[in-house]
2 protein chains.
Amino acid sequence: MQTNHSISVDCAVFGFDGRSLKCLLIKRDGQDLKLPGSLISDEEDIPSAAYRVLEEMTGLRDIFLKELSVFSNPSRVGDKDLEWINHFYNVHTTRVVTVAYYALVKLDNKIMSHTREKEALWKDVALITTLAMDHKDILNKALSMLSRDMTHSPIAFELLPRKFTIRELADLYKAVLGVEIDNRNFRKKIIGCGYILPTGEKEKGVAHKPAEYYIFDKNRYRREEKKIQKLNFINWNE
Amino acid sequence: MQTNHSISVDCAVFGFDGRSLKCLLIKRDGQDLKLPGSLISDEEDIPSAAYRVLEEMTGLRDIFLKELSVFSNPSRVGDKDLEWINHFYNVHTTRVVTVAYYALVKLDNKIMSHTREKEALWKDVALITTLAMDHKDILNKALSMLSRDMTHSPIAFELLPRKFTIRELADLYKAVLGVEIDNRNFRKKIIGCGYILPTGEKEKGVAHKPAEYYIFDKNRYRREEKKIQKLNFINWNE
DNA sequence: TTTCTTAGCGTATTTTTTACGCTAAGTTTG
DNA sequence: CAAACTTAGCGTAAAAAATACGCTAAGAAA
């Protein structure tokens with residue numbers, strides 16, 4: 001029985017620029033686009049490898065990261081891709097199984113200059129048509145997982161600056177989930193939740209009534225979370 | 001760079017006997033208990049390996065199966081475990097990364113006799129204290145994923161016979177989620193959903209008013225699912 | 001025959017969601 | 001400089017969903 005394989009990680013890194021969802025892509029050999037990734041080494045566990053890739057690409061250490069699933073189709077890496085991998089990593093492997101993650105980052109100046117330096121690019125996810133290997137499949141799965149997660153847990157704030165307006169939050173939901181949102185009811189929901197707090201600061205230089213900045217209070221969220229004892233626990237349409 | 005690893009699958013297989021949730025365990029060397037699993041071979045992808053293990057253990061092909069996550073701690077397999085693996089599979093490996101799944105089965109006579117033959121045992125999950133390697137961690141993660149999934153999608157029926165009473169369904173939820181359920185409101189919710197249909201048949205030989213048997217209509221569920229356009233899409237406490 | 005248990009229907013209350021009117025505070029336009 | 005335009009942000013009413021709980025029915029067991 002032959003049972004030795006190479007294992008890699010691949011990360012779909014998402015950012016939000018206020019208009020649309022972006023994904024971080026890198027050019028392989030200056031040609032095909034692919035997700036950032038790496039083979040894992042003997043000493044590290046797989047999440048560590050993912051964090052290593054993320055730090056390399058973004059310069060950041062504390063990044064929201066979640067495992068998607070394993071992609072293991074024996075033919076997912078074609079001969080050409082395999083050649084590139086063996087050359088790039090100086091190994092001899094015939095099959096690579098990858099563990100896919102998605103990550104969420106705030107698109108501030110720091111990260112933008114770092115990724116520019118790495119010659120990576122932030123591409124609007126709606127405009128990504130093909131990627132190397134099965135990376136388009138990974139991206140698709142990441143997008144559907146992200147949609148699901150954004151409705152079930154407060155991870156939207158990983159994509160927004162620390163201080164954000166309620167409009168920015170709504171725009172993010174519109175962009176990712178593709179839904180229409182009623183401004184007035186959305187506000188009520190957000191303000192009513194108890195852990196999204198006004199800062200007293202306001203927008204400047206916008207062509208309309210300036211909105212107040214809010215912050216997400218993680219500790220308060222956790223406290224509220226514990227209080228809730230949902231009896232209305234079954235909801236099979238989510 | 002050394003990058004070759006062995007990959008395995010491990011499955012937490014759950015069943016429900018009407019009283020409590022059971023997990024399928026096998027004895028290694030007639031001693032330690034572990035989850036069913038296997039190394040994967042070069043030709044198969046990982047889900048196929050999981051189905052192979054499940055068919056071997058249960059005799060069944062169409063089983064609900066879902067990936068949990070990858071367990072990759074370099075020291076998750078101790079020296080003793082490694083020795084057993086190398087001997088059992090006739091390989092030479094120093095590290096095994098495992099992809100964990102959970103599976104749901106209906107505990108009917110057929111499966112019970114098959115697992116008995118395989119000398120596997122169905123143990124009440126509440127009574128499982130230790131398992132080989134990191135299999136207890138895998139089990140814990142499987143249990144929390146199962147709880148989550150059972151509240152968000154209609155997978156409870158994978159654990160029940162085709163025809164079930166509303167009480168049996170409620171008992172399953174009580175057992176898995178550890179919640180109290182009001183019989184009257186639960187019925188309303190179940191019957192109101194539109195895809196759990198009465199069969200006309202009734203229980204026999206119970207020491208109380210016999211209940212009607214219901215079936216879960218998968219096609220009707222999918223149709224209803226499409227109809228729903230949830231605007232109330234954000235619920236961060238689920 | 002009484003007691004016990006669960007089935008199964010109904011009603012009233014509370015909570016949550018949805019729809020939508022309205023004023024406020026800025027910038028842009030003419 | 002006033003009118004037009006855009007988004008902020010408050011409020012109210014209606015609809016829908018969740019919850020609490022009373023009650024009778026149908027069987028077995030005592």
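So you know, we letter chains A, B, ... as the sequences are listed, proteins then strands, and number each from 1.
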Separation of atom [atom1] in [X] from atom [atom2] in [N], rounded to whole Å:
{"X": "A:Lys189", "N": "C:dT16", "atom1": "NZ", "atom2": "P", "value": "10 Å"}
{"X": "A:Ile181", "N": "D:dT7", "atom1": "CD1", "atom2": "P", "value": "14 Å"}
{"X": "B:Glu180", "N": "D:dC21", "atom1": "CD", "atom2": "C1'", "value": "16 Å"}

Between B:Phe164 and B:Phe216, ring centroids under 6.0 Å: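 Here the rings of B:Phe216 and B:Phe164 have centres that are no less than 6.0 Å from each other.
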
Whether A:Tyr221 and A:Tyr195 hold their rings parallel, tilted or perpendicular, with breakpoints at 30° and 60°: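 Correct class here is perpendicular.
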
Distances under 3.5 Å only, N/O to N/O: pair up the protein atoms with those of nucleotides 8-15 of chain D.
from, atom 1, to, atom 2, distance (Å)
D:dA8, OP1, A:Arg167, NE, 2.9
D:dG9, OP1, A:Glu212, N, 3.1
D:dG9, OP2, A:Arg187, NH2, 2.2
D:dG9, O5', A:Arg187, NH2, 3.1
D:dT12, O4, A:Lys188, NZ, 2.9

For B:Leu68 against B:Ile138, the heavy-atom pair lying closest together: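 Shortest heavy-atom contact: CD1-O, 3.7 Å.
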
Qualifying salt bridge (Lys or Arg N to Asp or Glu O under 4.0 Å) pairs with a residue from residues 200-218 of chain B, counting only residues at least two apart or across chains: B:Glu158-B:Lys218, B:Lys163-B:Glu201, B:Arg167-B:Glu203, B:Asp217-B:Arg220

side-chain contact (heavy atoms from CB on, under 4.5 Å) involving A:Ser147 - partner list, sequence neighbours excluded: A:Val176, A:Leu177

